[in-house]
Amino acid sequence: MFHAAVPTVDAASVPAGGALLDVREQDEWDAGHVEGALHIPMGQVVGRLTELPDGPLYVMCRVGGRSAQVVQYLVAQGREAVNIDGGMYAWEAAGRPMVSGSGGEAYVL
């Protein structure tokens with residue numbers, strides 16, 4: 001099956017004030033996420049499009065598969081969206097800050 005190229009950025013290049021959309025499930029989010037990111041699980045994105053901020057969106061999941069699908073959908077809707085290559089694992093590896101839902105040590109589930 002052919003997929004159009006998905007716009008991609010590496011985790012280290014995401015601007016500090018960029019609008020982040022995390023499409024992982026609740027347990028993954030609770031374990032560790034980017035502070036200030038918008039959390040909408042992949043299966044809810046279509047029904048919650050009105051919650052997305054205007055402007056470019058940086059979309060992430062754990063490794064980049066789910067977020068790539070969401071980016072493809074958003075681009076088809078005329079939105080400017082970019083997939084964060086490698087997802088939360090790449091974010092963590094790049095030393096970018098994370099927080100957990102419990103206030104404990106953040107990690108990628």
Side-chain angles (χ1 to χ4, degrees):
M1 180 182 263
F2 173 76
H3 290 294
V6 173
T8 302
V9 66
D10 65 283
S13 301
V14 176
L20 284 172
L21 172 62
D22 189 322
V23 299
R24 298 173 302 151
E25 295 303 315
Q26 189 67 48
D27 58 339
E28 295 173 287
W29 169 265
D30 290 343
H33 59 269
V34 179
E35 192 166 15
L38 176 62
H39 178 229
I40 302 179
M42 180 177 168
Q44 299 175 22
V45 170
V46 175
R48 296 174 63 184
L49 283 177
T50 57
E51 295 176 40
L52 299 179
D54 293 331
L57 282 173
Y58 295 90
V59 187
M60 67 171 22
C61 62
R62 184 170 51 214
V63 293
R66 287 172 285 180
S67 52
Q69 293 177 52
V70 171
V71 166
Q72 202 168 33
Y73 172 78
L74 292 173
V75 168
Q77 304 303 307
R79 291 298 310 263
E80 188 179 350
V82 181
N83 189 32
I84 298 175
D85 192 32
M88 282 298 294
Y89 280 123
W91 187 271
E92 184 178 46
R96 303 290 302 260
M98 302 187 323
V99 295
S100 73
S102 65
E105 185 76 22
Y107 63 96
V108 179
L109 180 65

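Atom set for the values below is all heavy atoms of this structure, side chains included, hydrogens, waters and symmetry mates excluded. Sequential numbering from 1 along the given sequence is applied to the chain's residues.
You'll find the side chain of D22 stays beyond 4.5 Å of the side chain of V34, heavy atoms only. For the pair M60 and V14, the minimum side-chain heavy-atom distance is 4.5 Å or more. Here the side chains of V108 and M98 are in contact, with some heavy-atom distance below 4.5 Å. Inter-residue side-chain proximity for V71 and L57 is flagged as unmet; no heavy-atom pair is nearer than 4.5 Å. P41 has its side chain out of reach of W29: every pair of non-hydrogen atoms, C-beta onward, lies at least 4.5 Å apart. Considering only heavy atoms from C-beta on, L20 comes within 4.5 Å of I84 through its side chain. Residues H39 and Q26 have side chains in contact (heavy-atom distance under 4.5 Å, counting atoms from C-beta outward). Taking 4.5 Å as the limit, every side-chain heavy atom of Q72 sits out of range of all side-chain heavy atoms of N83.
Residue V99 shares its hydrophobic cluster (ILVMFWY side chains chained together at separations under 4.5 Å) with no other residue.
Of the possible polar contacts, one joining the R79 side chain to the G55 backbone as a donor-acceptor pair under 3.5 Å is found.
Residues V75 and L49 are members of one and the same hydrophobic cluster, defined by side-chain heavy-atom contacts under 4.5 angstrom among Ile, Leu, Val, Met, Phe, Trp and Tyr. Tracing side-chain contacts under 4.5 Å through hydrophobic residues (I, L, V, M, F, W, Y), one never reaches W91 starting from Y107; they form parts of separate clusters. Cluster membership check: V9 does not share its hydrophobic cluster with V70, using side-chain heavy-atom separations under 4.5 Å among Ile, Leu, Val, Met, Phe, Trp and Tyr. M42 and V6 fall within a single hydrophobic cluster, where Ile, Leu, Val, Met, Phe, Trp and Tyr side chains are chained together by heavy-atom contacts under 4.5 Å.
Rounding to the nearest 0.5 Å places CG of L109 at 9.5 Å from CG of D30. With values rounded to the nearest 0.5 angstrom, E51 atom CD is found 6.5 Å from L38 atom CG.
Here the shortest heavy-atom pairing between P53 and A19 reads CG-CB, 4.0 Å. Looking at every heavy atom in both residues, S13 comes nearest to R96 through N-NH1, 4.3 Å. Here the shortest heavy-atom pairing between M88 and G32 reads CE-O, 3.7 Å. When all heavy atoms of A81 and P7 are compared, the closest pair comes out as O-CG, 3.5 Å.
More than 12 heavy atoms of other shown residues, nucleotides or ligands fall within 6.0 angstrom of atom CD in Q77. Other residues, nucleotides and ligands contribute only 12 or fewer heavy atoms inside 6.0 Å of the CG atom of D54.
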